[in-house]
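Hydrogens, waters and symmetry mates are skipped; everything else that's a heavy atom, side chains included, is used. Remember, it's a predicted structure, so these values are computed and weren't measured experimentally. Below, chain A is the first sequence line, B the second, and so on; all start at residue 1.
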Number of protein chains: 2
Amino acid sequence: MARPRSFDADTALAAAVDDFWDSGYGATSTDELCRSTGLSRSSLYNAFGSKRDLYLQAILRYAAEKQGQRADLLATDLDGRALLRVVLTTVLDEQWGDDDRRTCLMINACVEVGSSDEEVRRALADNADDFRRMIADVVRRGQLDGSLTDRATADQLAAVLHAAVDGLQVRSRIDRDRDPVDDAVSTLLTLL
Amino acid sequence: MARPRSFDADTALAAAVDDFWDSGYGATSTDELCRSTGLSRSSLYNAFGSKRDLYLQAILRYAAEKQGQRADLLATDLDGRALLRVVLTTVLDEQWGDDDRRTCLMINACVEVGSSDEEVRRALADNADDFRRMIADVVRRGQLDGSLTDRATADQLAAVLHAAVDGLQVRSRIDRDRDPVDDAVSTLLTLL
DNA sequence: ACCAATCTGGATCGATCTGTCCAGAACCCG
DNA sequence: CGGGTTCTGGACAGATCGATCCAGATTGGT
């Protein structure tokens with residue numbers, strides 16, 4: 001047909017994810033996106049449409065990757081309580097392992113764009129639902145094996161756990177010491 | 001001495017708070033700040049220094065106002081559990097009453113600037129500490145009057161509650177229906 | 001080998017950004 | 001009432017923004 005692309009679109013998208021994750025949507029310039037992806041402006045716009053379209057695709061890619069990681073975690077044979085602790089600490093490990101202690105890109109997007117872009121909002125809501133479903137699966141496992149409370153349904157507990165881990169990520173942005181965050185996870189688990 | 005100011009600095013600062021709250025630091029232009037405050041560029045820069053300085057002052061003003069509101073809540077004579085529910089729902093009422101369902105300016109600032117500005121970071125951390133202290137006071141009241149669990153210390157429970165309410169605010173940015181958020185508050189209270 | 005189609009580099013556009021600067025207006029004090 | 005000081009409006013500077021456009025390079029199909 002014609003001249004083929006000299007770059008891999010998904011590799012470029014991965015670089016864009018990192019940019020948006022670092023700086024958010026507004027503060028990431030198209031120049032920076034060209035630099036990090038290695039594409040010229042023409043190629044960038046030709047491949048992804050606009051900065052906003054690229055942002056949406058970056059969010060979808062990030063969400064898909066997260067969903068895969070969650071499936072991996074569920075494949076272990078830990079009891080419910082132990083697995084729940086792994087789930088919570090894994091999220092925080094990722095954040096504290098990063099120099100800038102970035103919050104999950106989804107949280108950043110919730111705060112920055114919120115409901116102002118319906119497609120983005122839907123992507124964020126879908127991802128949040130997936131994450132809560134995964135947490136609910138873990139809680140259900142714990143309720144069945146007796147390691148977690150059944151004073152509330154798995155879905156109800158998952159909503160609380162999801163909120164708590166998101167809030168702890170926000171806190172981790174400004175805390176210097178991780179101990180209080182880990183303590184909060186332990187306290188939360190003692191309540192379950 | 002000389003010509004006096006033709007505007008009230010705190011009124012202007014209040015307008016700036018609203019701008020930054022609406023759009024964050026980066027997406028709020030100095031033109032918009034001039035428009036909402038009614039000041040010319042000269043007056044704005046003369047009074048507040050720079051956009052970044054104005055942002056810091058806006059955050060400090062917002063934090064001071066929040067701290068006053070918290071003191072008011074503590075002055076009621078509800079039992080600990082009832083007061084805790086009021087505290088949590090008050091935060092969410094404020095958000096859901098807003099058309100854009102803005103998250104607390106402090107959360108926005110945590111996500112957007114994080115630790116990249118040490119003065120801002122300190123202001124955010126101080127405010128978070130204040131809020132947690134207030135929650136701990138409420139929990140302590142509930143532990144003394146027997147309406148709340150003492151399976152963990154008040155400080156430990158406050159850390160969990162603070163994280164949860166922050167996470168629920170993030171969720172509220174993209175949820176269309178408030179019920180799941182209220183349900184999460186109820187579930188959280190059943191665990192205490 | 002040549003045509004048609006796509007991709008790419010880079011210049012460029014118009015808008016917008018933060019911050020500065022200066023001339024003149026407004027005021028207090030003596 | 002006048003002098004010295006501060007405030008104010010608006011023009012301006014210099015940089016950067018997202019997006020477009022076009023000429024030329026590169027390819028597959030015939």
Quickly work out the [X] [atom1] to [N] [atom2] distance and round it to whole Å.
X: A:Lys51; N: C:dT16; atom1: NZ; atom2: C1'; answer: 13 Å
X: A:Leu44; N: D:dC21; atom1: CG; atom2: P; answer: 17 Å
X: A:Leu54; N: D:dA19; atom1: CG; atom2: P; answer: 10 Å
X: A:Leu33; N: D:dG18; atom1: CG; atom2: P; answer: 8 Å
X: B:Arg35; N: C:dC17; atom1: CZ; atom2: P; answer: 13 Å
X: B:Tyr55; N: C:dT18; atom1: OH; atom2: P; answer: 14 Å
X: B:Tyr45; N: D:dC7; atom1: OH; atom2: C1'; answer: 17 Å

* Roughly how far, to the nearest 0.5 Å, is CG of A:Leu191 from CG of B:Leu188? ->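 Spacing of CG (B:Leu188) from CG (A:Leu191) equals 8.0 Å.
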List the atom pairs, donor and acceptor, that lie under 3.5 Å between side-chain atoms in residues 100-107 of chain A and the rest of the protein, sequence neighbours left out.
{"residue": "A:Arg101", "atom": "NE", "partner": "A:Ser172", "partner atom": "O", "Å": "2.8"}
{"residue": "A:Arg101", "atom": "NH2", "partner": "A:Ser172", "partner atom": "O", "Å": "3.4"}
{"residue": "A:Arg101", "atom": "NH2", "partner": "A:Asp175", "partner atom": "O", "Å": "2.1"}
{"residue": "A:Arg102", "atom": "NE", "partner": "A:Asp98", "partner atom": "OD2", "Å": "3.2"}
{"residue": "A:Arg102", "atom": "NH1", "partner": "A:Asp18", "partner atom": "OD1", "Å": "3.3"}
{"residue": "A:Arg102", "atom": "NH1", "partner": "A:Asp22", "partner atom": "OD1", "Å": "3.0"}
{"residue": "A:Arg102", "atom": "NH2", "partner": "A:Asp18", "partner atom": "OD1", "Å": "3.4"}
{"residue": "A:Arg102", "atom": "NH2", "partner": "A:Asp98", "partner atom": "OD2", "Å": "3.4"}
{"residue": "A:Thr103", "atom": "OG1", "partner": "A:Asn108", "partner atom": "OD1", "Å": "2.3"}

By side-chain hydrogen bond (donor to acceptor under 3.5 Å, both in side chains) - contacts of [X] (at least two apart):
X: B:Thr30; value: B:Arg41
X: A:Thr11; value: A:Asp8
X: A:Asp93; value: A:Arg178
X: B:Gln95; value: none

* Asked: Can A:Thr187 and A:Thr190 be said to form a side-chain hydrogen bond (donor to acceptor under 3.5 Å, both in side chains), step by step?
  -> CA-CA 5 Å; A:Thr187 301; A:Thr190 66; 5.4 Å; no
Listing time: all N or O pairs from protein to nucleotides 7-9 of chain C that are below 3.5 Å?
{"residue": "C:dC7", "atom": "OP2", "partner": "A:Asn46", "partner atom": "ND2", "Å": "3.1"}
{"residue": "C:dC7", "atom": "O2", "partner": "A:Arg3", "partner atom": "NH1", "Å": "2.9"}
{"residue": "C:dT8", "atom": "OP1", "partner": "A:Ser6", "partner atom": "N", "Å": "2.7"}
{"residue": "C:dT8", "atom": "OP1", "partner": "A:Ser6", "partner atom": "OG", "Å": "2.6"}
{"residue": "C:dT8", "atom": "OP2", "partner": "A:Ser43", "partner atom": "OG", "Å": "3.1"}
{"residue": "C:dT8", "atom": "O5'", "partner": "A:Ser43", "partner atom": "OG", "Å": "3.3"}
{"residue": "C:dG9", "atom": "OP2", "partner": "A:Ser40", "partner atom": "OG", "Å": "3.3"}
{"residue": "C:dG9", "atom": "N7", "partner": "A:Ser42", "partner atom": "OG", "Å": "2.9"}
{"residue": "C:dG9", "atom": "O6", "partner": "A:Ser42", "partner atom": "OG", "Å": "2.3"}

* Sequence-distant partners of B:Tyr55, ring-ring contact (aromatic ring centres under 6.0 Å, His included), two or more places apart ->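 Scan of B:Tyr55 (ring-ring contact (aromatic ring centres under 6.0 Å, His included), adjacent residues dropped) gives B:Phe20, B:Tyr25.
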* Can you name the residues that form a ring-ring contact (aromatic ring centres under 6.0 Å, His included) with B:Tyr45, not counting sequence neighbours? ->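 Partners of B:Tyr45 under the ring-ring contact (aromatic ring centres under 6.0 Å, His included) test: none.
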* Asked: When you measure from every atom of DNA chain D, which of residues 8-28 of chain B have a heavy atom less than 4.0 Å away?
  ->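 Within this stretch, nothing sits under 4.0 Å of the strand.
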* Identify, between A:Asp31 and A:Gly49, the residue whose nearest nucleotide on DNA chain D lies closer to the 5' end. =>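 The answer here is A:Asp31.
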* Asked: What does A:Thr30 touch in the nucleic acid at a heavy-atom separation under 4.0 angstrom: a base, only the sugar-phosphate, or nothing?
  ->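 Base contact.
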